[in-house]
Structure formats: structure tokens, C-alpha cells
Amino acid sequence: VQLQASGGGLVQAGGSLRLSCASSSPTFSSYAVGWFRQAPGKEREFVAAIAWGGDSTSYAGSVKGRSTISRHNAKGAVYLQMSGLKPEDTAVYYCAVSSSIYSDSPSAYDYWGQGTQVTVSS
């Protein structure tokens with residue numbers, strides 16, 4: 001499964017971005033999808049995840065209330081809408097798919113996209 005993450009960029013603190021994760025795989029809709037991020041010198045951390053059917057979601061405490069994950073299976077896409085961005089949100093954001101239940105652990109995910117850079121200026 002190939003994944004293409006996009007939508008990153010440079011934004012001022014308090015601003016918003018919508019990240020997209022796209023796949024042309026016909027099996028994409030059967031996977032749970034997670035977003036992770038990695039800042040320089042730090043480990044990759046969980047951001048949000050959504051079940052294959054879109055009926056269940058999970059968020060890291062650091063983004064809960066400021067982010068919404070959603071999916072459009074017919075388009076082969078998952079979105080991460082982020083608002084109230086903070087400088088500490090600066091990182092490379094990755095999307096990944098899991099054939100099992102959605103999880104906050106990177107080890108649960110089978111395929112990863114290449115990442116998109118999000119930079120939040122103060």
C-alpha cells in the first residue's frame with residue numbers, strides 16, 4: 001500500500017492546516033489509519049488514528065480538542081485538520097495504515113507514507 005502525505009507548510013502560531021493522506025490502493029478502506037509526527041531529535045509520536053469505517057477515532061492528549069481526523073474511503077483519503085497550531089507542533093507528519101485495530105503504537109502499522117513537514121512559527 002502506497003501512501004502520499006501532503007498539506008504541510010509554514011504557518012503562524014494559532015493558524016490551521018489540513019493534512020491529507022492519499023492512497024490509490026483498492027484495499028485502503030479496509031485499513032485503520034494513523035497520523036504520527038517526529039520532531040528533530042525526538043522519537044516518533046502518535047497524533048491521531050481512525051478506524052477503517054471511520055466510526056472510531058483516537059487522539060493524543062497534546063492535540064485533542066485542536067485536531068480532527070476523518071476519512072473519505074471512496075476517495076482513498078484520510079484528513080487531519082489541525083487548528084490552534086503551536087510551535088511545539090512543528091514536526092514531520094507521517095500517515096500509516098494498520099491491518100489490525102487502530103493503535104497509538106507505531107509498531108502496529110504496516111505501511112508508512114513519506115511525511116510532510118509542518119512548521120509553526122511563534
Side-chain angles (χ1 to χ4, degrees):
V1 177
Q2 291 188 322
L3 304 171
Q4 180 73 38
S6 62
L10 174 63
V11 63
Q12 290 187 332
S16 300
L17 281 175
R18 188 177 82 155
L19 306 183
S20 297
C21 178
S23 177
S24 60
S25 171
T27 62
F28 180 74
S29 62
S30 66
Y31 288 95
V33 178
W35 282 97
F36 292 79
R37 65 187 182 187
Q38 188 165 19
K42 295 187 177 181
E43 293 188 353
R44 190 167 298 190
E45 65 173 3
F46 171 74
V47 177
I50 187 166
W52 68 271
D55 55 335
S56 295
T57 58
S58 178
Y59 298 91
S62 58
V63 304
K64 197 169 187 178
R66 302 189 293 121
S67 299
T68 301
I69 188 171
S70 61
R71 67 189 301 161
H72 195 309
N73 283 337
K75 293 185 177 180
V78 168
Y79 308 102
L80 182 66
Q81 179 71 46
M82 304 182 69
S83 60
L85 285 163
K86 306 173 182 179
E88 51 263 45
D89 293 319
T90 295
V92 177
Y93 283 69
Y94 299 89
C95 62
V97 295
S98 171
S99 58
S100 60
I101 191 171
Y102 66 89
S103 169
D104 61 1
S105 173
S107 63
Y109 292 80
D110 306 298
Y111 302 96
W112 292 78
Q114 85 292 354
T116 185
Q117 176 72 48
V118 171
T119 302
V120 184
S121 63
S122 57

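Residue numbers count from 1 along this sequence. Since we're looking at a predicted model, the values are computed, not measured.
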### Message
Restricting to side chain to side chain contact (heavy atoms under 4.5 Å, CB included), what partner residues turn up for Gln117, sequence neighbours left out?
### Response
Thr90, Val92, Thr119
### Task
Please name all residues satisfying side chain to side chain contact (heavy atoms under 4.5 Å, CB included) with Ser121, sequence neighbours left out, ordered by chain then number.
Leu10, Gln12
### Query
What residues, two or more places apart in sequence or in another chain, satisfy salt bridge (charged side-chain N to carboxylate O under 4.0 Å, His left out) together with Arg18?
none
### Message
Once disulfide (SG to SG under 2.5 Å) is applied, what residue pairs with a partner in residues 25-63 remain, sequence neighbours excluded?
### Response
none
### Task
State which residues pass side chain to side chain contact (heavy atoms under 4.5 Å, CB included) with Gln2; sequence neighbours excluded, sorted by chain then number.
none
### Query
Going by the disulfide (SG to SG under 2.5 Å) test, which pairs reach into residues 27-57, not counting sequence neighbours?
none
## Note on the structure
Hits for ring pair (Phe, Tyr, Trp, His ring centres under 6.0 Å) against Phe46, two or more places apart or cross-chain, chain-then-number order -> Phe36
### Task
Kindly compute the distance separating OH (Tyr102) from OG (Ser56), expressed to the nearest 0.5 Å.
4.5 Å
### Message
Once disulfide (SG to SG under 2.5 Å) is applied, what residue pairs with a partner in residues 36-88 remain, sequence neighbours excluded?
### Response
none
### Query
Which heavy atom in Ser107 sits nearest to a heavy atom in Ser105, and how many Å separate them?
OG-OG, 2.8 Å
### Query
Who are the salt bridge (charged side-chain N to carboxylate O under 4.0 Å, His left out) partners of Glu88, not counting sequence neighbours?
none
### Closest heavy-atom pair and its distance - Gly84, Ser16
N-OG, 4.4 Å
#### Entry: disulfide (SG to SG under 2.5 Å) contacts touching residues 11-122 (sequence neighbours left out)
Cys21-Cys95
### Query
Are the side chain of Gln38 and the backbone N or O of Ala91 linked by a donor-acceptor pair below 3.5 Å?
no
### Query
Minimum heavy-atom separation for Ala108 to Ser100, with atom names?
O-OG, 4.1 Å
### Query
Is a side-chain donor or acceptor of Arg71 paired with a backbone partner of Ala32 at a separation under 3.5 angstrom?
no
### Task
Calculate, to the nearest 0.5 Å, the distance between atoms OH and OG belonging to Tyr109 and Ser98 respectively.
6.0 Å
### Query
Roughly how far, to the nearest 0.5 Å, is the CD atom of Gln81 from the OG atom of Ser20?
9.5 Å
### Task
List, by chain and number, the other hydrophobic cluster members for Val33, where Ile, Leu, Val, Met, Phe, Trp and Tyr join if side-chain heavy atoms come within less than 4.5 Å, directly or indirectly.
Val1, Leu3, Val11, Leu17, Leu19, Phe28, Tyr31, Trp35, Val47, Ile50, Tyr59, Val63, Ile69, Val78, Leu80, Met82, Leu85, Tyr93, Val97, Tyr111, Val118, Val120
#### Entry: N/O donor-acceptor pair under 3.5 Å between Asn73 side chain and Trp52 backbone
yes
### Task
Please round to the nearest 0.5 Å and tell me the distance separating atom OG1 of Thr68 and atom OH of Tyr79.
14.0 Å
### Query
Any salt bridge (charged side-chain N to carboxylate O under 4.0 Å, His left out) pairs touching residues 43-67, not counting sequence neighbours?
Arg37-Glu45, Arg66-Asp89
